[in-house]
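As structure tokens, the structure follows; a few thoughts come after it.
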Amino acid sequence: MHKTSAWPLALVYLALVVYASLFPFEGWRDQGIAPWAFMAAPLPRWWTWFDVQVNVLGYAPLGFLLALAGLRSQRTRSPVMLTLLAGAAVSFLMETTQGYLPRRVPSNVDFALNAAGTWLGALLAWLLQRTGTIDRWSRFRAGWLTPDARGALVLLALWPLALLFPASVPLGLGQVFERLEEALAEFLEDTPFLDWLPVRDVELQPLVPGTEMFCVLLGALVPCLIGYGVISGVRRRAWFLLALTAVGVCATALSAALSYGPAHAWAWWTLPVRVGWAAALLVSVLLLRARPRGCAALALLALVLHLSLLNQAPTSAYFAQTLQTWEQGRFIRFHGLAQWLGWGWPYVAAIYLLLRLSGPDTAPRQLPKMPR
């Protein structure tokens, strides 16, 4: 039996699937028919390849993570079959619940495609286990990472997905103050508690180029330091830095392409962004020899500064229009997933760093040397 990051990742992804399936959680009503009546409905006449791909690919990671967790923990003899049943049960529950939402339409085709995606993901996990790929990853992890690296791996795996949601500043995750203030004011409207809400004397001002550069620097530095906290060795950290930079740049470019079109995939690569990212690389190189606990402390400090600066700036009107495109267009299926990752990732990372700093300092396990 092995400890695996697949369990927490599977639970996180399951929560995101539930959110994406029931978004926007408005207008609940009873249609007067059985919630499972869609199973006997005729096949829809109109469908698109985009819907087919979304329904299959949306459940494939869930199947992969659940099957991988079962294979690694060795708690069941039939992880692929149990994963298929679990994925089908989740899909059936989501489709029946969608019958109570006016903006969602339950479909037997969606149910079948979701089950197929779950099976494909589980099959991929089984194939990787049978070919020894998972065991090689375990040996790689044992040599490179500390034994308690599971939390960091989950955060680093979710970071590029969080970047897919459009941000007013590149790498600007966690900008929630303005929206939280508006939501709280709307919730307390027509109540005496509205007077208790703090009122700002001045409007939020846009970030100047220097502050934007500093935000990019901190946004790139935080995940790097989280990785440094569970990796030791200059060479290993250097390889991780290169991989993390490539993933961050590609995820941000993909987000811009999805939001504004492929022709504008690199419109965000402005001078402040280039300078901020170059400065982050320089600082990361200087910290290659830093101790894991020191990296965690610096990451927490950088995260606090990043959130403080970012939440003092408003979202632009152009950015708000981009969000409407996501919410009203075909990206509605990804809106809930990417939105909550983009908003919540920094705060979950802060909790992780606080817990890590409160525990003992660790070092990666060393593999025994093989005799020549």
Side-chain angles (χ1 to χ4, degrees), residues 5-6 8-17 19-20 53-54 57-58 60-62 64-65 68 121 124 137 140-141 144-145 149-175 215-231 237 239-260 262 264-269 273 276-277 280-281 284 299 302-303 306-307 310 322 326 331 333-350 352-353:
S5 303
L9 281 173
L11 294 177
V12 170
Y13 194 82
L14 176 61
L16 295 175
V17 165
Y19 186 91
Q53 294 169 6
V54 165
L57 297 179
L62 180 63
F64 177 81
L65 292 171
L68 181 61
L124 177 60
W137 158 250
F140 170 83
R141 173 176 172 172
W144 276 57
L145 306 176
R150 182 166 56 177
L153 288 177
V154 172
L155 286 172
L156 293 174
L158 294 177
W159 182 66
L161 299 178
L163 293 178
L164 292 180
F165 189 69
S168 56
V169 177
L171 306 183
L173 303 179
Q175 190 176 11
C215 282
V216 173
L217 187 157
L218 296 173
L221 194 60
V222 168
C224 180
L225 290 174
I226 290 177
Y228 282 8
V230 296
I231 302 173
R237 286 181 172 181
W239 280 112
F240 166 75
L241 174 60
L242 293 176
L244 185 74
T245 301
V247 169
V249 170
C250 292
T252 307
L254 178 59
S255 175
L258 293 174
S259 303
Y260 312 116
H264 302 282
W266 297 100
W268 59 276
W269 192 246
V273 175
W277 216 310
L281 286 175
S284 300
L303 193 56
H306 180 69
L307 292 173
L310 196 63
T322 303
W326 275 68
F331 295 119
R333 296 180 181 271
F334 304 108
H335 180 269
L337 301 177
Q339 174 182 252
W340 283 102
L341 283 174
W343 288 352
W345 189 92
Y347 303 98
V348 176
Y352 163 78
L353 292 170

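Rounded to the nearest 0.5 Å, atoms OH (Tyr13) and CG (Leu158) are 11.0 Å apart. The CG atom of Leu9 lies 10.0 Å from the CZ atom of Arg150; values are rounded to the nearest 0.5 Å. Distance OH/Tyr347 to CG/Leu173: 10.0 Å, rounded to 0.5 Å. The CD1 atom of Ile226 sits 8.5 Å away from atom CZ of Phe240, with the distance rounded to the nearest 0.5 Å. In this structure, CG in Leu281 is found 4.5 Å from OG1 in Thr245, a value given to the nearest 0.5 Å. For the atom pair Leu156 CG and Cys224 SG, the distance stands at 9.5 Å (nearest 0.5 Å).
For Leu254, the side chain to side chain contact (heavy atoms under 4.5 Å, CB included) partners are Leu164, Leu258, not counting sequence neighbours. Taking the side chain to side chain contact (heavy atoms under 4.5 Å, CB included) definition, one finds that Leu217 meets it with Leu221, Ala279, Ala280, sequence neighbours left out. For Ala251, the side chain to side chain contact (heavy atoms under 4.5 Å, CB included) partners at least two apart in sequence or on another chain are Pro160, Leu163. Considering only residues two or more places apart in sequence or on other chains, Leu242 meets the side chain to side chain contact (heavy atoms under 4.5 Å, CB included) condition with Trp239.
Side-chain contact between Pro346 and Val222 is absent, with no heavy-atom pair separated by less than 4.5 Å. Side-chain contact between Pro223 and Leu155 is absent, with no heavy-atom pair separated by less than 4.5 Å.
Val154 and Pro8 get closest at one heavy-atom pair: CG2-CG, 3.9 Å. Across every non-hydrogen atom of Ala10 and Leu62, the tightest pair is O-CD1, 4.0 Å. Across Tyr352 and Ala152, no two heavy atoms sit closer than the pair OH-CB, 3.4 Å.
For the pair Tyr228 (side chain) and Ala299 (backbone), a donor-acceptor distance under 3.5 Å is absent.
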- prompt: Taking it one step at a time, do Leu171 and Cys215 satisfy side-chain contact (heavy atoms from CB on, under 4.5 Å)?
  reply: CA-CA 8 Å; Leu171 306 183; Cys215 282; over 6 Å; no
message: Pair Thr252, Trp269 - check side-chain contact (heavy atoms from CB on, under 4.5 Å), show working.
response: CA-CA 9 Å; Thr252 307; Trp269 192 246; over 6 Å; no
